[in-house]
Amino acid sequence: MAQRVAVSDGANKKVSRVRVVVRLRPYMGTQDEKDEGSCVRGLDSKNLEIINWRNATETVKYSFDVFHGEQTTQQEVFLSVKPILPHILTGQNASVFAYGPTGAGKTHTMMGTLNQPGVIPRAVREVFKMVNAKNEDEGWVYSISMSYLEIYNEKVLDLLSPGSQDLPIREDKDKNILIPGLTHTTITSFSDFHKHFVPASLNRTTASTKINQRSSRSHAVLLLKVVRTQHAPPHRQQAGKLYLIDLAGSEDNRRTGNQGIRLKESGAINLSLFTLSKVVDSLNSSTVVRVPYRDSKLTRLLQDSLGGSAHSVMITNIAPEYKFYFDTFGALNFASKSKLIVNKPFICETVAVPALPVKRARDGQEAGRSAT
Ligand code: ADP
Ligand code: MG
């Protein structure tokens, strides 16, 4: 069936859906005190299932645009983002964000390591590759710049200018969102990018160990801006923006027992994440609803780059261990409103045994619809 990529709102404007990709990271014994195995598993390239805690003989099945299983490589994840990149060379906006509980692989997905680079370095390389492949004869000159900021406690902080104060978010007459005072550094190559990005990321990591794992409580936002100007009069100019975002952890901080200052932080984080979930919901719903961009800093910043004519991908990271069970459930429910209860025992298939018959649903009630 063809994928619906855009829906119309009441005013007949095209509103882009947010593409939802789920990535399950590999099982890590160290994360699982009781060695209980996985509570979630992939079914195919779009579907996964998780044990139903209300009834362990059932699973809950979810469907996404793309499901990436435990063996997925960084390059494969990047391929689900790559198609949106050409748009930023023609004055359109795009955003990619990694969502999910702390420990589920957001930073691995976005940043990665030197040997396994993530979406950010791959996307930056690709943008340079596309710009360098442009033919001068087409008549445009390209320039690329980067900004890097953090949203922490509903404050916007410039990571390329450490020690700076909370920056305001404004909208110009053409409805472009901008942050006056934010550093925009022109970059001419990937190594140029690397030179600015690595120390700024390290600053953030160092601060995080001092202030209660700040990196899991703040949103790290990398902005890549591509401006192209026509050689000949009237020298038309187009600016495209790409936001690459490592979101704060989506775990429920009430349950993890945070108090005092951390509870205040949690409230602020929850405001941005909670608003993001409402925005994504509104964009992906087929009925006309107000999109509440203005209710948090994160969504206000993304207003011109999420929904509307912008192109967006949300990568929901999940972990297979039982310890993450409720956070995984929460993340999946955020990522997909459609789920199906399947009456089927969740069997860890580690030995070759003859296939067991699928347990039949009781008179088609509650779990009546089968997986097949
Ligand atoms: P988050 O940023 O969501 O808190 P991390 O990216 O820091 O999570 O991942 C938690 C741990 O799991 C890290 O040690 C990371 O290296 C590892 N990890 C995450 N995803 C993968 C993956 N796909 N393959 C291998 N290791 C992974
Ligand atoms: Mg992280």
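Every number for a ligand or one of its atoms is a count from 1 in the order of the listing.
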- Item | Atom of Ala123, atom of Leu244 and distance for their closest heavy-atom approach | CB-CD1, 4.2 Å

- Item | Side-chain H-bond candidate by donor/acceptor type, Thr299 with Ser296, under 3.5 Å | yes

- Message: Restricting to N/O/S atoms, is Thr107 within less than 2.8 Å of the Mg ion (ligand 2) or not?
- Response: yes

- Message: Looking at ligand 1, is there an atom of it that comes within less than 4.0 Å of some heavy atom belonging to Gly100?
- Response: no

- Salt bridge between Arg300 and Glu171, side-chain N to carboxylate O under 4.0 Å? yes

- Query: Shortest non-hydrogen contact from Gln74 to Gln116?
  - Reply: NE2-O, 3.0 Å

- Task: Below 4.0 angstrom from a heavy atom of Arg23, which ligand 1 atoms are there? Numbered from 1 as shown, please.
- Result: 23 (N)

- Note on the structure: Closest to atom 21 (C) of ligand 1 among protein heavy atoms sits His108 CD2, 3.3 Å

- Do the side-chain N and O atoms of Thr185 and Thr183 include a donor-acceptor pair separated by under 3.5 angstrom? no

- Task: Flag the pair Asp281 and Lys278 as a salt bridge only when some basic side-chain nitrogen lies within less than 4.0 angstrom of an acidic carboxylate oxygen.
- Result: no

- Message: Give the atom numbers and elements of ligand 1 that come within less than 4.0 Å of a heavy atom of Pro101.
- Response: 3 (O)

- Task: Mind checking whether Glu70 contacts ligand 1 via backbone (N, CA, C, O), side chain (CB onward), both or neither, at a 4.0 Å heavy-atom cut-off?
- Result: neither

- Message: Between ligand 1 and Gln116, can you find any atom pair, the residue atom being a heavy atom, that is separated by under 4.0 Å?
- Response: no

- Message: Main chain of Gly100, side chain of Lys106: is a donor-acceptor contact present, judged purely on distance under 3.5 Å?
- Response: yes

- Query: Nearest non-hydrogen atom to atom 22 (C) of ligand 1 belongs to which of Gly105, Gly103, Pro26?
  - Reply: Pro26

- Examine the side chains of Gln237 and Arg228 and answer whether a donor and an acceptor come within less than 3.5 Å of each other. no

- Contact atoms of ligand 1, heavy-atom distance to Lys106 under 4.0 Å: 1 (P), 2 (O), 3 (O), 4 (O), 6 (O), 8 (O)

- Is there a heavy atom of Ala319 sitting under 4.0 angstrom from any atom of ligand 1? no

- Task: Determine, using heavy atoms of Met110 and all atoms of ligand 1, whether some pair is separated by less than 4.0 Å.
- Result: no

- Among protein heavy atoms, which sits nearest to atom 7 (O) of ligand 1, and what does the distance come to when rounded to 0.1 Å? Thr107 CB, 4.2 Å

- Among all protein non-hydrogen atoms, which one is nearest to atom 11 (C) of ligand 1, and what is the separation to 0.1 Å? Met28 CE, 3.9 Å

- Message: Within ligand 1, which atoms have a heavy atom of Thr102 less than 4.0 Å away?
- Response: 4 (O)

- Item | Thr109-Asn317 side chain donor-acceptor pair, cut-off 3.5 Å | yes

